[in-house]
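Below: one structure, written as structure tokens.
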Amino acid sequence: MNYRNATFLIAAALAAPAAAWAAGGQIPIQDFVKHPTYSGVKISPDGQYLAMTVDRGEQDVLTVLRTDNLSVVKINQLPDDKSVGAFHWTSPDRLMFTAVRKLGSYEAPFGTGEWYAVNADGSQPRPLIFYGTRDATQRGKQVDNERFSLLDTLRDDDRNVIMEVNFPLSKEGAGTELVMMDTVTGRRTSLGRAPKPDCSIALDAAKKARFAVCTSSRGDEGEYDERSELYRREENGTWTLVSASKTGGKHLDVVHTTPDGIVFASQSDNSAPAAIGTLDTTDGSFTVLHQDKVADISRMIWSTDERSLLAVVTEAGAPKVTMIDEAHPDAEVYGSLASAFPGEMVDFSSATKDGNLIVVSVYSDSNPGELYLYDRKAGKARFLMQGRAWLKKEQMGSVKPFSVATRDGKTIHGYLTLPKGSSGKNLPLIVNPHGGPIGPRDTWRFNSEAQMFANRGYAVLQVNFRGSGGYGDAFRNAGHRQWAQGIQNDILDATHWAIQQGYADKERICIYGGSFGGYSSLMAPIREPGLFKCAVGYVGVYDMDMMFVKGDIPKRTSGQRFLRRTLGTDKAELRATSPTSQADKVGIPVLLVAGARDERAVPEQTEAMRDALVKAGNPPVETIIQSGEMHGFYKEENNLALYTKMLDFFGRHIGDRVTVGTPARTN
């Protein structure tokens with residue numbers, strides 16, 4: 001762990017330089033593709049230190065600051081170009097963190113599985129979990145196929161933590177064990193195993209393994225069927241089944257057990273959005289505290305003493321905060337902070353053990369994110385830092401949540417980003433479907449890509465089509481076998497809504513998306529010729545047959561089951577839902593982009609789409625297969641080159657070429 005460039009790093013983390021922009025308020029592309037300065041900040045239990053991950057381009061380093069004056073105490077850098085990922089305070093002066101590699105924006109940074117610990121001042125650095133061959137003194141920390149995740153830092157134990165360990169049992173399942181780990185020596189002690197494969201374990205108030213939620217994606221016929229079971233561990237170590245979705249029709253998951261022994265859980269029934277409530281562990285009965293009619297709970301806000309669920313957040317459109325425990329003293333603190341930032345989302349990021357100091361995060365559709373330190377005794381909040389200080393929220397576009405009734409009677413939700421200072425009418429429109437399609441969703445929070453497009457004068461339409469997460473299991477499951485039909489109908493219906501409402505100029509619409517969004521970018525023009533003037537397919541899938549034989553999904557038995565469920569197995573249907581089989585119907589200019597190391601949407605997918613378009617007499621204007629990148633570009637220089645070409649592409653087909661170029665910066 002090395003100390004490098006401390007002055008540069010802390011300046012990058014905290015500076016908020018003023019800038020003036022040439023060319024009518026255009027912001028340079030590089031400012032939108034630049035990674036946030038920090039990706040996490042946590043205060044130490046005694047409030048003396050702040051720890052934060054700081055972006056250094058190829059690496060993220062763990063920086064420790066003094067809370068009172070934000071001076072640098074220590075910068076921790078991992079060897080071999082590895083970055084610091086998740087980190088946690090395990091005592092007032094000791095941190096534990098995991099390693100990641102920064103490759104690909106959709107699936108990564110991905111974890112290496114390694115864990116380290118170090119004191120705030122940089123002393124006693126220790127590798128705790130690592131892979132490969134080590135010398136005799138380190139073999140106790142060496143593991144093979146196990147994967148460790150931190151379950152509890154043990155608030156009242158400054159030396160040990162509890163970790164959940166997953167280890168392969170077969171191609172079909174994995175075992176789960178809890179271990180107590182010493183953060184100085186790395187020594188591990190087993191605390192018990194789950195009752196069956198594919199379980200997660202939850203603790204009780206005494207920090208004992210008490211509950212196991214076991215899941216399976218295999219039904220009685222061997223095909224995809226989501227099932228779950230909740231077990232309770234008895235004092236003699238045996239496990240008792242409390243509930244099962246197969247018989248009871250409801251999925252239960254333990255969320256948090258308070259120091260007072262109250263068990264908070266979520267419950268869903270494969271249809272409506274999930275509810276949050278409390279669980280009676282003796283009989284498995286569930287008491288609902290809150291359930292939204294439209295949206296799942298996206299976030300929970302807990303009291304600083306971990307004894308109370310203060311509020312829940314749902315996001316049908318913009319975030320909606322519903323208070324659960326208004327009597328808790330922290331509820332008044334949260335309410336006053338929320339009222340101080342109208343129109344923005346406020347959350348407790350971390351707090352000291354006594355709850356006197358709280359790190360508060362604030363963000364919005366136009367605010368990339370800010371951190372404040374609230375002092376309960378003083379009753380004041382002190383500004384700490386901004387994640388993207390070079391982007392000014394007053395220069396950003398606004399994001400309008402909307403809902404649309406589809407042609408078959410469903411209600412879908414989405415977001416329309418409008419350029420700052422525009423009339424909001426008759427604008428060139430970029431339709432931007434998200435990936436997935438089953439599970440992911442778009443949200444209201446700041447989106448640097450959409451803001452970059454808006455800064456060039458484009459409106460941006462993002463649709464949470466059927467299959468998207470966040471709106472209940474029934475809505476999510478409605479996306480299966482609907483890749484080319486129902487999902488595309490939702491995207492097309494929302495596009496026509498934008499036209500009918502006067503936001504979009506019907507003669508200036510392009511479509512662009514990544515992963516499944518790349519599929520939609522080629523399939524939507526096939527479904528409705530003439531609606532779109534150009535398309536960009538980014539790390540997309542275009543040949544449905546290929547999905548069963550190439551990429552990381554079919555390598556797993558559960559992945560094969562999922563593909564059969566979401567795509568079907570009928571060869572004629574697979575061809576009919578493949579853009580490669582209908583390339584002659586695309587009929588508009590196309591830009592194709594892939595990562596050469598993409599294991600999800602392999603570059604052969606993009607090559608097949610390119611070849612099909614060439615055969616159809618409509619070759620792509622360019623096919624980019626970027627070396628070193630995976631499922632989404634990560635390097636800033638690659639994103640700068642990509643978006644420069646993409647904006648030029650949009651400008652030639654639906655925009656004013658004057659709005660495309662990158663202006664010079666003047667200070």
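Position 1 is the first residue of the sequence, and the numbers go up from there. From a predicted model like this one, the values you see are computed outputs, not experimental measurements.
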When you look at Asp60 and Arg101, which way does the salt bridge (charged side-chain N to carboxylate O under 4.0 Å, His left out) test go after all the steps?
CA-CA 9 Å; Asp60 287 354; Arg101 290 197 181 276; over 6 Å; no
Stepwise, does the salt bridge (charged side-chain N to carboxylate O under 4.0 Å, His left out) test hold for Arg575 with Asp545?
CA-CA 7 Å; Arg575 285 192 297 273; Asp545 263 325; 5.2 Å; no
Applying side-chain contact (heavy atoms from CB on, under 4.5 Å), run through Ile412 and Asn464 and close with a yes or a no.
CA-CA 6 Å; Ile412 58 172; Asn464 284 327; over 6 Å; no
Residue pair Phe465, Phe475: steps toward the side-chain contact (heavy atoms from CB on, under 4.5 Å) verdict:
CA-CA 9 Å; Phe465 43 74; Phe475 187 83; 5.9 Å; no
Show, in sequence, the C-alpha distance, side-chain angles and deciding distance for Asn166 and Glu146, and conclude whether the side-chain contact (heavy atoms from CB on, under 4.5 Å) test is met.
CA-CA 6 Å; Asn166 295 106; Glu146 301 98 323; over 6 Å; no
Could you please spell out the steps behind the ring-ring contact (aromatic ring centres under 6.0 Å, His included) verdict for Tyr519 and Trp483?
CA-CA 9 Å; Tyr519 169 92; Trp483 283 38; 5.5 Å; yes
Could you go through the side-chain contact (heavy atoms from CB on, under 4.5 Å) check for Lys420 and Met396 one step at a time?
CA-CA 6 Å; Lys420 175 74 174 180; Met396 298 298 108; over 6 Å; no
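At a threshold of 4.0 Å, the pair Glu629-Arg597 does not count as salt-bridged, since none of the basic side-chain nitrogens sits closer than that to a carboxylate oxygen. Under 4.0 Å is where a charged nitrogen must lie from a carboxylate oxygen, and between Asp198 and Arg227 no such pair does. Using a 4.0 Å cut-off between charged side-chain N and carboxylate O, Lys196 and Glu229 make a salt bridge. Between Arg147 and Glu164, none of the side-chain N atoms (NZ, or NE/NH1/NH2) sits under 4.0 Å from a carboxylate O, so this pair counts as no salt bridge.
Within the 3.5 Å criterion, the main-chain N or O of Phe633 finds a donor-acceptor partner in the side chain of Tyr538. In this structure, the side chain of Thr247 engages the main chain of Ala244 through a donor-acceptor pair within 3.5 Å. Ser578 places no side-chain N or O within donor-acceptor distance of the main-chain N or O of Asp543, the cut-off being under 3.5 Å. The closest donor-acceptor contact from the side chain of Tyr415 to the backbone of Gly317 lies under 3.5 Å. A donor-acceptor pair is defined here as one N or O able to donate and one able to accept, closer than 3.5 Å; no such pair exists between the side chain of Asp473 and the backbone of Ser271. In this structure a side-chain-to-backbone donor-acceptor pair under 3.5 Å is present from Gln605 to Tyr542. Listed for the Asp253 side chain is no donor-acceptor partner under 3.5 Å among the backbone atoms of Ser266. Within the 3.5 Å criterion, the main-chain N or O of His480 finds no donor-acceptor partner in the side chain of Asn477. For Ser216 (side chain) and Arg218 (main-chain N/O), a donor-acceptor pair under 3.5 Å exists by modelled atom type. Between the side chain of Ser364 and the main chain of Asn367, a donor-acceptor pair closer than 3.5 Å is present.
Considering Glu315, Arg441, Lys410, His413 as possible partners of Tyr471, the one that fulfils the side chain to side chain donor-acceptor pair (under 3.5 Å) test is Arg441.
Met544 contributes atom CE, which lies 6.0 Å from atom CG of Leu567 (distance to the nearest 0.5 angstrom). Put simply, OG on Ser228 and NE2 on His251 are 4.5 Å apart, with the number rounded to the nearest 0.5 Å. Distance check: His434 NE2 to Thr443 OG1 gives 10.5 Å after rounding to the nearest 0.5 Å. Expressed to the nearest 0.5 Å, how far CD1 of Ile438 lies from OG1 of Thr566 amounts to 4.0 Å. Note that CG of Asp552 and CZ of Arg600 are 4.0 Å apart. Values are rounded to the nearest 0.5 Å. To the nearest 0.5 Å, the span separating SG on Cys510 from CG on Asn432 amounts to 12.0 Å.
The closest side-chain donor-acceptor pair between Asn455 and Gln26, if any, does not fall under 3.5 angstrom. At a cut-off of 3.5 Å, with distance as the only test, a side-chain donor of Glu528 or His496 sits close to an acceptor on the other residue. Residues His631 and Asp598 have side chains that bring a donor and an acceptor to within less than 3.5 angstrom of each other. Side chains of Arg561 and Ser217: a donor-acceptor N/O pair is present below 3.5 angstrom, by distance only.
Met646 places a side-chain heavy atom less than 4.5 Å from the side chain of Val536. Here the side chains of Lys555 and Gln560 are not in contact, with every heavy-atom distance at 4.5 Å or above. Two residues are said to be in side-chain contact when any heavy atoms from C-beta on lie closer than 4.5 Å; Asp493 and Gln488 fail this criterion. Inter-residue side-chain proximity for Phe32 and Glu449 is flagged as unmet; no heavy-atom pair is nearer than 4.5 Å. The closest side-chain heavy-atom distance from Asp31 to Leu391 is below 4.5 Å. Residues Asp365 and Arg445 form no side-chain contact, since every pair of their non-hydrogen atoms from C-beta on lies 4.5 Å or further apart. At a threshold of 4.5 Å between non-hydrogen side-chain atoms, the residues Leu416 and Leu418 count as touching. The closest side-chain heavy-atom distance from Thr176 to Phe167 is not below 4.5 Å.
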Cut-off 3.5 Å, no hydrogens considered: what does the side-chain donor-acceptor table look like for residues 606-618, sequence neighbours left out?
{"residue": "Asn618", "atom": "ND2", "partner": "Ile588", "partner atom": "O", "Å": "3.0"}

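Nearest heavy atoms, Val621 versus Phe649: CG2-CE1, 3.5 Å. Closest approach of Ala601 to Val541, counting heavy atoms only: CB-CG1, 3.7 Å. Between Ser520 and Ile491 the shortest heavy-atom distance is OG-CD1, 3.6 Å. Annotation for Gly457 and Pro428: closest pair O-CG, 3.6 Å, computed over non-hydrogen atoms. Between Phe548 and Pro554 the shortest heavy-atom distance is O-CB, 3.4 Å. Residue Ala450 comes nearest to Val460 through the heavy atom pair O-CG2, 3.8 Å, listed as atom of the first residue, atom of the second, then distance.
In the displayed structure, Lys550 atom NZ is contacted under 6.0 Å by at most 12 heavy atoms of other residues, nucleotides or ligands.
Cation-pi geometry between Lys425 and Tyr503 is met: under 6.0 angstrom from the ring centre, within 45 degrees of the axis.
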